Participant: 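Below: one structure in structure tokens.
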Amino acid sequence: MNEFLLDTLIIVIKIGVVFGLVIGSVPVLVLAERKVLGWMQVRPGPNRVGPWGLLQTLVDGAKVFFKENIIPDGVEPLTYRLAPLLVILPVLIAASVIPFGPPVKIAGREIPLAIADFDLSLLFFFAVATLSVYGIVLAGWSSNNKWSLMGGLRSSAQMFSYEITLSLSIVGILLTSGTFRLTAIVGQQSGGFWHWNVFLQPLGFVLFLLAAIAEVNRTPFDLPEAESELTGGFHTEYSGMRFVMFYMSEYSSVFVMSSLIATLFFGGYNPPFPYTFGTSWFDGAIGLFWLLAKIGALVFFFIWLRGTLPRLRYDELMMLGWKILFPLAFLNLIFTAILVALNWPGWLLGLVGAGALVLTDLVVSQILWRRRRAAG
Amino acid sequence: MTVSWPTIEWTWAPLVLLSLAAGVIIAGDLFVRATRPALWMQLGLLGLLAAGAAVVLQIPPNASAFNQAVQYDGFGRSGVLVLLAGGCLIALISQRPVGREELPAAEYFALLLLAVLGLVVLSISFELMAIFLSVEMVSVGVYVLAGVRRGDTRGSEAAMKYFVLAAFSAGFLVLGLAFLYGGAEGSTLLGRIALAAHRPATPFSLGCILAGYALTLAGFAFKLTLVPFHLYAADVFDGAPTPVAAFLAVLSKAAGVIALIHILSPLRVVDNDALQSALMQDFTGLLWIFAALGIVVGNAAALVQRRIKRMLAYSTIAHSGYLLIGVLVFLEGSVRGAEVETAILVYLTAYVLMNAGAFGVAAALGPAGEGEIEDYAGLARRSPALALAMTIALLSLTGIPATAGFVGKLTLFARAVEADHIALVVLAVLGSAVSAYYYLRVVVYMYMRDSAPETSGAEADPVPLEFGHKIGLIFSTAATVFFGIFPQTLLFLLKIL
Amino acid sequence: MRLLSLQYAFYAFLATLAILSAAYVAFSRKTVYAVLALVVAMLSLAGIFLLIQSPFAALIQVFVYAGAILVLFLYVIMLLNPRQADVTIRSVFENRGPFLAAAGVFVAGFFFLTAKWLLTVYTVERFQFEEFSLIEVASRLLTDYLLPFELTSILLLMAIIGAVLIAKRN
Amino acid sequence: MDPVFFPANLLLSLVIFSLGVMGVLWQRNALSVFMSIELMLNAGNLALISFAQRFGDSAGAGLVLFIMTVAAAEAGVGLAIFIRLYRQRNTIELDKAHELQG
């Protein structure tokens, strides 16, 4: 068979699988969120449709699918229709660089389990992921609604404020690993959980996690869809399938962001204890299992946060982003650079990072406490 | 990976000192509660003087770094000193507007210092990227400083105009430097570009270099207010705060001329390759046209202006025409390069001093000094010292003997006569004669007309002046006269420093 | 060979897209759509950078230009309430006539000369595009280009101070 | 990889540049003018990268970064100036704000 066609076929299959995984995760995540929240709030959650309510999201999806697609008067027709696509596409494209397992050997050819594996894959992720801001701003603008416009601006301001922290806090990892290639970063974390980057960059991890939560608009940073106090934000005027696309983009970006966090900080597809089975496709499956397990744990953490924390006020959100997280990410970068240049061993690096984390936690909580007390 | 501590690189010292001073001012403003314009001005002066001292004491002529990307050749090094001195003068004459008009003092002086830093880099860097970035530093500084005056639409409009045109010219600069980079086969060093210009590897690379120079010249023409690109100048000068206008008129133009000489130096005709010199004649021809147009249009337009800053703006267009004669003579290579460079330096020194004096008086007078020329009526009675300073500055700008301006014009035009540019020199002298009319008109108003009756009551008091402002005016006026009477001292200073 | 012709096809597509969207930016009166067209132009240029083996340039083109600068444009347009008013520079440049004429003549002249010089002397020759690793780029940036690199930091500082100073309400 | 992309890139860069210049001269809206200027800068970027790849200079991508920095700085300050002017026109001089339409 023609080499060229074969390569193309493999890539098409991988694209199908990854996109299927990301899109398919959405109903699972929605159901999981409702179930877990129910459990945390000591109520049953969805339990009518199917065994234990498992089919609830499917039914919801069917309902939305058959809903009338309302286009309000006076919208900008092109951008109004384009915006939901512009929000969800970058998430899907960004997912293409996540390695879902170790390279698999089938019929004598080695196939990496990522759609794209190249030198700058991490940079690619960020470059593409930033583009989803356009969808949000345009959705708000084209709705011909003052509140939607303000909601769009609010969300985009939030996104690019936290993007800075997001990209600064991974520079520490780039310094310790010396590469932008995600497969290489995962490869360096193989051989047991003590090699994971989270122990090398504790402060960087916490900053990245917080910024990532804000970036995917989850509680406590979910101002974009604060229906009760902020009129639903940029997607107020959307309904039916287009609204579902915003919904889907939110959950799939949770999934993709969790997979990036797992890849960068928790060893990606590496199992916590080193073992291999020798058969490469089986190793690949095991790798996928571990990655999904880590993603599951992170998603659970996201839901837990939603069940626990109240929403931040907008000025608090901005203060946290610019005055606390951004300088900390900067300091983390500088300290990591100095320690890497001085050739300190990894465990010392991790210890310094953990110490810095505890210290900043104390200082920040002190400041916040005093401020609140001063405010009365 | 091991760390080796770097040795002190003195060629960086002026840059580090300037940015350090700016950083101290910005950071200090966070901690000092009250606004302290005088303190920030003194810190800024300290930074400028320290940078100057570093150049004089620690950097020998022809010091270079980064593979010849930074060179303190005699011209650039003296140019840095002139620019730093000019920076000091502008910091001094901004004290009054900053204190009174509620310009934000700390940010003003910090941005001024950083813009001066851009000028310094512009005159010592022999690498296109650094040149481009420093041009942009100056531009960004000027946009902000021009538009920052509180509640002032004219300032915002000036900032807007300057911004749109400067960004437009930056577009030309970018494409120009891309082509120069391509012509030098992948290098941004001016030395490599000179090599490629004299011994082009292929005709294509020569074509790239020439196209690059055409575009770069277009970009620089905006910065130097050469004539078809000059239309923004009067509006920007008129709308911007006076010291900022002085910065734009004097320092950025001086640094632009220095950088233009450096950038064009690869095109200097040294050997007689037929193709090459034929193509280079296009450039000298272009410069000839620019110079002539600048002299004619600048002087003619200045004649009809009624507002003092617009008049000064058009007169600086004429002055850049004169300066361009120097650049042209340098480029043709028939006169020794060092002599032309000295002539240009002398002219630039005089230009900085006399314009600092003129703009300094305008800044001291406040809103009245920025308005119509009629507002200067009777100034000699109200404030004889200011009127004297203004008179000396204007005489020097005209080029009356016994002033620095005369010395500058004399040396520059002498070089041009040596290079057989009689026509241009005649044009320039005629232009100077015309300029006497509009410069001296202000003197006539100051000494021979009484102030308008309705304002005489309010402005009868002598104008009070801050100490620093006074120092700046005294220094620039005294130096204008001193260098005019003893021109040898200026040459001597340029040689020993 | 097939790969090469595929690349030609991609190139033709991207170049056409870039030119069309650039023309839209230059001549359209609808600012919001113009920003979107500019994004398309930048992305297609990034695609061309990829085709000539310069992925780093392509990615920072997307990251910095499309992801940051143009978002700022869009943001400002939204802030200025795009449906009714825009900042028009007609009233700022009252006398556009002479400016336009002078600038147009000079631009046309420069463009003509540039194209003439370039196109008359270019000879086709074979060469190899080569991809540089990020490490090479970075080490050049921090040694040969250290001075411009440091200048960028100062420039950005100036821009931050300036933007805050200008845009803040009194 | 082949000799065709390079001259085509130069030509494309010149075309985009001249489109940008025409846009600056044609447009009346300051934001559109500024966007056309961005087109010019991008044309410069394209030429720079093409030359860097043509002559095998490893710093080419870094040079593009410098130009993007300049574009970012200009965008920040320039858009701030537009906002300030708009605000002043809109609130201070209503007659001018009216004549701004169009």
Side-chain angles (χ1 to χ4, degrees), chain A residues 2-5 7-8 74-76 78-79 82-83 86 90 93-94 97 116 118-142 144-146 148-157 159-161 163-164 166-167 174 178-181 234, chain C residues 1-7 30-40 42-43 46-47 49-50 53-84 131-139 142 153 156 160 164:
Chain A
N2 194 318
E3 280 291 299
F4 178 70
L5 278 182
D7 282 342
T8 317
V75 299
E76 292 278 323
L78 181 62
T79 40
L82 212 59
L86 286 181
I93 296 175
V97 293
F118 57 102
D119 254 352
L120 301 166
S121 48
L122 185 53
L123 195 56
F124 179 86
F125 184 97
F126 282 107
V128 174
T130 53
L131 294 183
S132 62
V133 181
Y134 284 104
I136 290 178
V137 176
L138 286 177
W141 173 69
S142 58
N144 191 24
N145 175 340
K146 201 187 288 177
S148 294
L149 178 64
M150 285 163 69
L153 291 183
R154 201 168 53 228
S155 321
S156 56
M159 281 180 81
F160 56 68
S161 300
E163 213 159 73
I164 299 169
L166 195 72
S167 28
L174 295 180
T179 176
F180 265 111
R181 188 191 276 262
F234 58 89
Chain C
M1 207 55 226
R2 191 200 304 264
L3 201 61
L4 203 58
S5 54
L6 197 64
Q7 283 188 339
K30 295 180 171 172
T31 24
V32 174
Y33 287 99
V35 173
L36 293 183
L38 195 52
V39 175
V40 173
M42 307 260 171
L43 291 183
F49 291 171
L50 274 183
Q53 312 285 321
S54 194
F56 180 62
L59 286 183
I60 55 174
Q61 172 98 356
V62 176
F63 198 24
V64 178
Y65 252 125
I69 299 179
L70 291 182
V71 176
L72 195 62
F73 271 91
L74 202 56
Y75 204 79
V76 168
I77 291 173
M78 301 292 161
L79 221 58
L80 298 186
N81 194 6
R83 293 213 173 217
Q84 296 95 37
E131 188 182 330
F132 299 103
S133 74
L134 194 57
I135 298 198
E136 273 174 282
V137 177
S139 58
L142 292 178
S153 63
L156 288 175
I160 293 170
V164 171

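Chain identifiers are assigned alphabetically (A, B, ...) following the order of the sequence lines, protein sequences preceding nucleic acid strands; residue numbering begins at 1 within each chain. The structure presented is a predicted model; accordingly, all values stated were derived computationally and were not measured.
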Participant: With a 4.5 angstrom heavy-atom cut-off, is it the side chain or the backbone of A:Leu82 that approaches chain C, or both, or neither?
Facilitator: neither
Participant: Could you look at A:Ala129 and say if it's the side chain, the backbone, both or neither that has a heavy atom under 4.5 Å from chain C?
Facilitator: neither
Participant: Starting at CG of A:Leu153, measure out to CG of C:Leu74 and round the result to the nearest 0.5 Å.
Facilitator: 8.5 Å
Participant: In sequence, state the C-alpha distance, the side-chain angles, and the governing distance for A:Leu120 and C:Leu134, and then conclude on side-chain contact (heavy atoms from CB on, under 4.5 Å).
Facilitator: CA-CA 8 Å; A:Leu120 301 166; C:Leu134 194 57; 3.6 Å; yes
Participant: Could you check which of C:Gly67, C:Ser133, C:Ala68, C:Ala66 has the highest count of heavy-atom pairs closer than 4.5 Å to chain A?
Facilitator: C:Ala66
Participant: Determine the minimum heavy-atom distance between C:Phe63 and A:Ala127, stating which atoms define it.
Facilitator: CD1-CA, 3.8 Å
Participant: Which pairs, with at least one residue in residues 60-74 of chain C and sequence neighbours excluded, count as a side chain to side chain donor-acceptor pair (under 3.5 Å)?
Facilitator: C:Gln61-D:Asn42, C:Tyr65-D:Glu38
Participant: Heavy-atom distances under 4.5 Å only: say whether A:Phe126 touches chain C with side chain, backbone, both or neither.
Facilitator: both
Participant: If you count heavy atoms of other groups shown closer than 6.0 angstrom to CG of C:Leu142, is the number above 12?
Facilitator: yes
Participant: Can you tell me which portion of C:Tyr33 sits under 4.5 Å from chain A's heavy atoms? Options are side chain, backbone, both or neither.
Facilitator: side chain
Participant: Between C:Phe56 and A:Leu123, is there a side-chain heavy-atom distance shorter than 4.5 Å?
Facilitator: yes
Participant: Any side-chain heavy atom of A:Phe118 within less than 4.5 Å of one from C:Pro55?
Facilitator: no
Participant: C:Val64 versus chain A, heavy atoms under 4.5 Å apart: side chain, backbone, both or neither?
Facilitator: neither
Participant: For A:Leu131, is it the side chain, the backbone, both, or neither that has a heavy atom closer than 4.5 Å to a heavy atom of chain C?
Facilitator: side chain
Participant: Contact between A:Thr79 and C:Leu36 at the side-chain level, heavy atoms closer than 4.5 Å - yes or no?
Facilitator: yes
Participant: Go through the atoms of C:Leu59 and report whether side chain, backbone, both or neither lie under 4.5 Å from a heavy atom of chain A.
Facilitator: both
